[in-house]
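To start, the structure itself, in structure tokens.
Sequence lines set the chain letters: A, B, ... in the order given, protein chains first and strands last, and positions in each chain run from 1.
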Amino acid sequence: MEYNFNVIEKKWQKYWKRENTYKIVVNKNKSKYYVLDMFPYPSGSGLHVGHPLGYIASDIYARYKRLKGFNVLHPMGYDAYGLPSEQYAIQTGQHPYMTTKKNINRYREQLDKLGFCFDWDREIRTCDPKYYKWTQWVFIQMFNSYYCNESKQAQPINRLIKILEKNGTKKLHAACTKEICLTATKWRIKSEKEKQEILMNYRIAYLSDTIVNWCPILKTVLANDEINDGISIRGGYPIERRKMRQWCLRISAYANRLLKGLDKLEWPDSLKEIQRNWIGYSEGVELRFKVQNSNAELIIFTTRPDTIFGVTFIVIAPENELVPLIIANKKQNSVNFYLNLVKNQTEMDRIANKKITGVFTGTYCINPVNREPIPIWISDYVLAEYGTGAIMAVPAHDRRDYAFAKHFNLPIIPILKGIDISQKSFDSRIGILINSDFLNGLTVKEAIQKSKEYIENKKIGNSKTNYRLRDAIFSRQRYWGEPLPIYYKNGIPFSVDEKDLPIKLPKIDKFLPTEAGAPPLKRAKNWTYKGYPLELTTMPGFAGSSAYYLRYEDPNNKKHLVSSKANKYWKNVDLYIGGIEHATGHLIYSRFWNKFLFDLNIIIEDEPFKKVINQGMIQGRSNFVYRIKNTNTFVSYGLKNQYDVIPIHVDVNKVSNDILDIESFKKWNPEYLNAEFILENGKYICGWTTEKMSKSMFNVINPDDIVTRFGADVFRLYEMFLGPFEQSKPWNTKGINGIVRFIRNFWNLFFKKDKFSISNEQPTNEEFKILHKALKKISSDIENFSFNTSISAFMICTNELKTLKCNKYSILNELVIALAPFAPHISEELWHLFGNKTSIFDTKFPEYNEIYLKEDTKKYMISFNGKTRFSLNFPLNTSEDDIKNAVLTHIDSKKWLKNKIPKKIIIIPNKIINIVF
RNA sequence: GCUCGGAUGGUGGAACAGGUAGACACGCAAGACUUAAAAUUUUGUGACCAUUGUGGUCAUGCGGGUUCAAAUCCCGCUCCGAGUACCA
């Protein structure tokens with residue numbers, strides 16, 4: 001009987017829906033397993049074949065775990081806030097909610113066709129007020145918390161106020177924007193406004209003047225992970241650096257925990273490495289340099305205190321607050337000129353201009369170790385936001401300082417023995433110190449240690465750990481995002497009362513910023529709370545996705561983000577599947593939110609995702625035709641070198657197995673209607689290459705088309721068979737026939753002349769062996785995410801059973817269950833043909849049994865000098881001597897070995913016998 | 001620049017811990033079936049040499065090394081990919 005996937009797939013999709021097969025509830029008798037996909041942003045163009053890759057893998061794994069007896073939570077939802085809907089709204093006036101809703105429906109339709117086992121009752125959308133109520137709620141908790149460096153966790157801001165009232169800032173171990181010194185008396189006499197400003201210095205969600213990435217075209221601020229090379233990732237617009245008052249999250253306070261936490265996670269090493277680099281741990285010292293003829297002190301951070309005798313100048317960032325205090329009178333003009341120059345360049349200019357610029361302040365400071373005066377310079381190669389925004393320059397041992405010194409003709413003092421610095425600096429940390437007084441003769445490592453001790457003993461500085469990780473800027477001057485639950489009373493920000501959440505996004509007539517440049521929410525009527533104005537900015541894209549996994553655990557809870565009962569059962573995500581592009585964005589922010597909620601005792605795990613797997617990208621496979629220059633003649637791929645040709649992208653849907661469908665190509669574009677073709681072997685062969693899947697390259701494959709032609713099961717199997725899950729690979733419909741054949745062969749095992757025909761005979765040992773060998777490989781491959789090889793095992797097994805004409809129930813029943821995670825529809829159909837009345841997913845995954853895999857003889861490879869020649873079988877417990885003798889006899893019988901005498905015979909039990917001549 | 005990956009037939013890729021390199025699949029070639037094509041099916045398929053057959057030589061980016069034995073471990077290089085970048 002022909003396998004009619006159209007009928008069968010629809011039938012079972014309806015059945016699963018009707019029977020609520022995938023509805024999951026807490027069940028204390030079963031262990032939980034939480035499989036999560038990174039939820040999609042529903043874009044207007046729908047899914048292409050690359051999108052479902054991760055969903056298929058998670059679906060297979062979730063079904064597998066379910067069959068293994070776990071209570072599997074496998075939800076899905078939508079990350080609904082985003083720039084494209086907003087841009088579309090600005091252009092068309094259509095409310096982004098409508099666009100988003102339409103896109104979500106389209107996504108759902110496409111996802112449903114693939115037969116996933118999501119529990120749709122738990123669906124969430126980040127733009128739903130019922131959901132973003134909790135995003136706002138977490139923000140309020142952050143606003144009302146500070147980070148205590150002593151207990152290493154978030155604490156209520158009221159606790160901080162009590163400490164300030166009692167001791168001032170003296171014993172305050174709190175993460176802060178900048179160090180403040182204040183006595184309790186002084187704190188008490190501050191005005192309410194002043195007090196609130198001081199608290200802002202400590203809150204985890206705080207308002208601050210920071211240098212931000214401003215995109216003048218989008219009229220909004222962007223985070224570091226939202227830009228690349230000075231250009232916004234969404235839209236590709238240039239970025240400027242501006243100082244603005246913004247809401248920020250003090251993620252930097254968690255830097256150390258975020259770094260340490262990585263060690264116990266089962267994440268890909270590359271992903272962990274990216275996060276480690278992004279957090280950027282560096283250990284060094286902070287040194288105080290007194291400014292000559294002034295009370296000012298410059299604090300600089302260095303990881304190389306051993307180079308202190310090589311310091312020949314100091315450089316501070318143009319934005320450094322101390323700049324006005326330092327400039328000598330006579331240099332006022334030239335410094336101002338330079339500061340203006342720096343201010344007016346965009347981020348892109350700064351990156352593009354590798355030019356060395358800077359200006360001398362006319363002022364000197366004193367090297368705290370050797371008391372030498374050192375000139376202070378200003379240059380934009382020093383960043384205001386890292387360390388203290390000032391560096392000690394050691395041109396002999398730092399590439400950038402070297403370039404600067406050469407450019408402005410400043411002295412260069414080497415402090416390591418026997419190095420050549422005539423062409424470039426010597427940056428590596430290997431060598432013996434010279435020119436360095438008490439450090440002379442030490443290795444760099446020893447010198448770092450000794451200089452550190454010296455600096456601390458002399459009280460001219462202290463040890464310090466710096467992180468590269470910056471606080472997250474949390475304000476966006478946009479409409480389509482969660483409103484911040486903040487209102488202003490006399491200019492002082494207060495958080496909205498929790499019982500008044502959610503603060504719903506107001507209706508506005510236009511989605512653009514106002515003419516005066518205020519954020520779009522300024523357009524809203526009555527945008528107030530208790531009569532006071534509400535915050536105008538909205539939350540960034542990562543807000544809604546930072547704790548969404550918790551909401552799936554208890555999606556309809558009106559009182560809590562997640563009940564402790566639900567959280568105690570479902571805990572955190574066991575397996576999280578998604579792209580590596582979220583390494584420095586979503587995956588860091590969620591870890592931070594999660595740790596914060598953990599500190600507040602709202603949840604019981606301090607990491608959100610135990611195991612992460614990154615799926616590879618599916619690239620497009622573009623096809624080309626070759627047009628002979630200035631003609632309408634196209635030449636086949638193999639002959640193109642004989643002509644002067646221009647390659648042209650051709651729609652991959654007009655090509656099959658790289659052979660062009662000429663008629664369909666002619667109709668594609670009126671220009672080609674009368675085209676001529678130079679063929680090879682009667683065919684027009686197209687060239688091909690691997691590129692990103694995109695409309696402009698005509699290489700987009702729509703999963704709907706594949707499903708229509710081959711069915712969802714074949715599509716699922718083929719995506720997994722394409723190659724290793726974590727590797728990027730091009731889509732190529734060419735090989736799909738292999739899967740079609742496999743499914744047909746598999747199906748035919750159950751049928752004889754169009755009739756379902758299964759025998760109840762006892763299988764032979766050989767048949768059992770075939771089955772159990774496959775089961776062993778399949779289950780271990782699923783556990784290792786090696787889906788392609790596990791499908792190979794199915795193919796081998798199917799072919800072997802086909803050869804044996806085996807249609808025995810005991811064999812096929814188990815095989816069908818094993819296939820169910822991959823091809824749920826066909827398996828469910830066959831399962832019901834066996835006479836079962838419940839879903840196949842309520843049964844148990846078959847265990848393999850070693851008994852059937854046992855061999856009575858052991859195969860030994862016989863190799864000469866390591867090169868394998870032939871193999872011999874020996875009964876299991878043959879002694880080494882017997883084996884040796886047998887081998888020697890065997891060699892003797894070979895004519896061509898007559899004159900050779902073995903020097904040594906090495907026997908590796910059960911494996912190999914190597915004979916050395 | 002720094003960090004992390006990777007390189008295996010015509011193609012996608014197998015090879016668990018160093019032990020038969022190329023599983024499985026695509027493609028290709030030849031045969032069967034067919035008026036023909038498609039589909040199906042059988043056989044072959046790393047390269048080279050030899051051949052009635054058994055066989056032999058070379059092969060996992062390049063050059064070395066360790067080992068009885070290396071795609072796998074070590075050292076050096078080439079190329080490709082990813083992340084990050086005046087982070088002091």
Inset, instruction - Give the B/S/- string for nucleotides 13-22 of chain B, one per nucleotide from 5' to 3', where a protein heavy atom under 4.0 Å of the base yields B, of only the sugar-phosphate yields S, and otherwise -. - result: SS----BBS-
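Across the P atoms, B/U60 and B/G81 are found 24 Å apart, a figure rounded to whole Å. For the P atoms, the distance from B/A25 to B/G76 is 42 Å, rounded to whole Å. Nucleotides B/C26 and B/C16 have their P atoms positioned 24 Å apart, rounded to a whole Å. Between B/A88 and B/C77, the two C1' atoms lie 32 Å apart (nearest whole Å). Remark: the separation of the P atoms in B/A30 and B/A14 is 31 Å, to the nearest Å. For B/G6 and B/U57, the C1' atoms lie 30 Å apart once the distance is rounded to whole Å. Taking atom C1' in both B/C28 and B/C80, the straight-line distance is 28 Å, to the nearest Å. Taking atom P in both B/A38 and B/U72, the straight-line distance is 44 Å, to the nearest Å.
The side chain of A/Arg744 approaches B/A39 more closely than any other nucleotide in the set B/A39, B/A88, B/C4. Taking only side-chain atoms of A/Arg399, from C-beta outward, the nucleotide of B/G1, B/A88, B/A23 with the closest atom is B/G1. Each of B/A88, B/U41, B/A23 was ranked by its minimum atom distance to the side chain of A/Ile391; first place goes to B/A88. Relative to the side chain of A/Trp278, the nucleotides B/U84, B/A23, B/G27 differ in distance, and B/U84 lies closest.
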Inset, instruction - Starting from the C-alpha separation in whole Å, work towards a yes-or-no answer on side-chain hydrogen bond (donor to acceptor under 3.5 Å, both in side chains) for A/Asn256 and A/Tyr467. - result: CA-CA 8 Å; A/Asn256 189 44; A/Tyr467 295 92; 3.1 Å; yes
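For B/A88, one of the phosphate oxygens OP1 or OP2 lies less than 4.0 angstrom from a side-chain nitrogen or oxygen of A/Tyr386.
Across all their heavy atoms, A/Tyr338 and A/Asp380 have their closest contact at OH-N, 3.1 Å.
A salt bridge is absent between A/Arg276 and A/Asp269: the closest approach of a Lys/Arg side-chain nitrogen to an acidic carboxylate oxygen does not fall below 4.0 angstrom.
Syn is the classification of B/G9, since its glycosidic angle stays within 90° of 0.
Side-chain contact of A/Thr303 with A/Arg429: a donor-acceptor pair under 3.5 Å is present, judged by distance alone.
Heavy atoms of A/Asn799 sit under 4.0 angstrom from primed sugar atoms or phosphate atoms, though from no base atom. At a threshold of 4.0 angstrom between heavy atoms, the contacts of A/Arg741 are confined to the sugar-phosphate backbone, with no base atom among them. Within 4.0 Å (heavy atoms only), A/Lys802 reaches sugar-phosphate atoms of the nucleic acid but no base atom. Among the heavy atoms of the strands lying under 4.0 Å from A/Val382 is at least one base atom, whether or not backbone atoms are also near.
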Legend entry - Watson-Crick and G-U pairing of RNA chain B written in dot-bracket, each distance under 3.5 angstrom, with | for inter-strand partners: (((((((..(((......[....)))((((((.......))))))((((.....))))..(((((..]....))))))))))))....
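For residues 382-397 of chain A, the set of pairs meeting the salt bridge (charged side-chain N to carboxylate O under 4.0 Å, His left out) definition, not counting sequence neighbours, comprises A/Arg241-A/Glu385, A/Glu385-A/Arg470.
The distance from atom NE2 of A/His397 to atom C1' of B/A88 is 14 Å, rounded to the nearest whole Å. Atom CD1 of A/Ile279 and atom P of B/U84 are 14 Å apart (whole Å). Atom CZ in A/Phe721 sits about 8 Å away from atom C1' in B/C26, given to the nearest Å. At whole-Å resolution of the value, CZ in A/Arg304 and P in B/A88 are 12 Å apart. In this entry the distance linking CD1 of A/Ile580 with C1' of B/U84 reads 13 Å, nearest Å. One atom, CG of A/Asn277, and another, C1' of B/C4, lie 8 Å apart when rounded to the nearest Å. Across the protein-nucleic acid pair, A/Phe864 atom CZ and B/U57 atom C1' stand 17 Å apart, rounded to whole Å. Rounded to whole angstrom, the span from the CZ atom of A/Phe313 across to the C1' atom of B/A88 amounts to 12 Å.
Applying the ring pair (Phe, Tyr, Trp, His ring centres under 6.0 Å) test between A/Tyr718 and each of A/Trp731, A/Phe710, A/Phe787 identifies A/Trp731 as the sole match. Remark: of the listed residues A/Ile739, A/Ile736, A/Val714, A/Ile739 is the sole one forming a side-chain contact (heavy atoms from CB on, under 4.5 Å) with A/Phe721.
Nearest-nucleotide positions on RNA chain B for A/Tyr467 and A/Thr584 put A/Thr584 closer to the 5' end.
Two rings, from A/Phe313 and A/Phe408, have their centers 6.0 Å or more apart. Separation of the A/Phe404 and A/Tyr402 ring centroids does not fall under the 6.0 Å cut-off.
A cation-pi arrangement is absent between A/Arg591 and A/Trp278, since the terminal nitrogen or guanidinium carbon is not both under 6.0 Å from the aromatic centre and inside a 45° cone about the axis.
In this structure, A/Ile913 and A/Ile905 have side chains that are in contact, with non-hydrogen atoms separated by less than 4.5 Å.
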